[in-house]
Participant: 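Before I ask anything, let me first share the structure, which is written out below as structure tokens.
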Amino acid sequence: QLYLVQPMIVNLLHSSLVSDFWHLLFVSSSLCRTYVEAGVPYSLPLLPTGEAYTQMVNASPIRYADKVKAATMIQIGTCDRRVPPHQGREFYEMLHNRGVPVRVHVYPKDCHPLQRVETQADTFLNMMVWFHKHSVTQR
């Protein structure tokens with residue numbers, strides 16, 4: 001998910017972040033969605049071709065992590081079976097190691113849609129604090 005605060009990108013917010021489509025292909029509970037989101041045609045039976053592999057790698061956000069400059073908050077549900085939680089952590093590490101302002105919130109009892117009432121309250125409050133802290137108008 002991407003939220004704009006000004007006409008330019010100031011903050012990024014990711015929930016259940018897919019960072020690597022190729023590896024997601026082998027562990028996701030939603031195989032066809034992995035193909036579609038990576039822009040690869042899907043039909044059964046389908047084994048990934050070399051071309052599909054290249055397209056998935058090129059569509060993976062982690063490939064472009066070095067271009068991210070915006071303050072980024074990542075929210076992860078540890079029970080997510082659609083997007084493995086380690087993908088969000090890997091993206092966090094890539095940004096953190098490059099000096100990008102980044103924060104990760106982990107919700108141990110939630111899954112792909114962060115829908116528990118406690119989680120939604122926490123994510124909402126943390127989003128508001130994050131946007132206030134990193135807003136252009138606050139600088």
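Residues: numbered from 1 along the sequence shown.
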Participant: Keeping the roles fixed (side chain from Ser60, backbone from Met56), state whether a donor-acceptor pair exists under 3.5 Å.
Facilitator: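 A pair under 3.5 Å: yes.
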
Participant: Honestly curious: do Phe124 and Trp130 fall in one hydrophobic cluster under the side-chain, below-4.5 Å linking rule?
Facilitator: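 Phe124 clusters together with Trp130.
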
Participant: Are Met128 and Met73 co-members of a hydrophobic cluster defined by side-chain heavy atoms under 4.5 Å apart?
Facilitator: yes

Participant: Let me confirm one number: the CZ-CD1 distance from Arg89 to Ile74, rounded to the nearest 0.5 Å.
Facilitator: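 Those atoms lie 11.0 Å apart.
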
Participant: Do Lys109 and Cys79 have side chains that get closer than 4.5 Å, going by heavy atoms?
Facilitator: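 Lys109 does not reach Cys79 side chain to side chain.
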
Participant: Do Asp122 side-chain atoms and Glu118 backbone N/O form a donor-acceptor pair below 3.5 Å?
Facilitator: no

Participant: So, using side chain to side chain donor-acceptor pair (under 3.5 Å) as the criterion, who are the partners of Arg63 when residues are at least two apart?
Facilitator: Asn58

Participant: Under 6.0 Å from the CZ atom of Arg116, do we count more than 12 heavy atoms belonging to anything else shown?
Facilitator: yes

Participant: State whether the number of non-hydrogen atoms from other residues, nucleotides or ligands found under 6.0 Å of His96 atom NE2 is greater than 12.
Facilitator: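 Check fails, neighbour count at 12 or below.
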
Participant: Should Val104 and Val129 be regarded as members of a common hydrophobic cluster, given that ILVMFWY residues are connected when their side-chain heavy atoms come within less than 4.5 Å of each other, either directly or indirectly?
Facilitator: no

Participant: Is it true that a side-chain atom of Thr123 and a backbone atom of Ala121 form a donor plus acceptor pair closer than 3.5 Å?
Facilitator: no

Participant: Any non-hydrogen side-chain atom of Lys69 less than 4.5 Å from a side-chain atom of Val100?
Facilitator: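 Counting from C-beta outward, Lys69 and Val100 never come under 4.5 Å.
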
Participant: Which atom names give the shortest non-hydrogen contact between Phe91 and Pro61, and what distance separates them?
Facilitator: CE1-O, 3.6 Å

Participant: Tell me, do Thr78 and Asp110 make a side-chain contact under 4.5 Å, heavy atoms counted?
Facilitator: no

Participant: Do Leu95 and Tyr64 share a hydrophobic cluster, counting only Ile, Leu, Val, Met, Phe, Trp and Tyr and linking them when any side-chain heavy atoms are less than 4.5 Å apart?
Facilitator: no

Participant: Rounded to the nearest 0.5 Å, how far apart are NE2 of His105 and OH of Tyr92?
Facilitator: 10.5 Å

Participant: For Gly77 and Pro85, which heavy atoms make the closest approach, and how far apart are they?
Facilitator: O-CG, 3.6 Å

Participant: Rounded to the nearest 0.5 Å, how far does NE2 of His86 lie from CG of Asp80?
Facilitator: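 Going from CG on Asp80 over to NE2 on His86, the span is 11.0 Å.
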
Participant: Taking the side chain as C-beta and beyond, is there a heavy-atom pair between Leu114 and Gln120 under 4.5 Å?
Facilitator: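 Not touching, per the 4.5 Å side-chain cut-off.
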
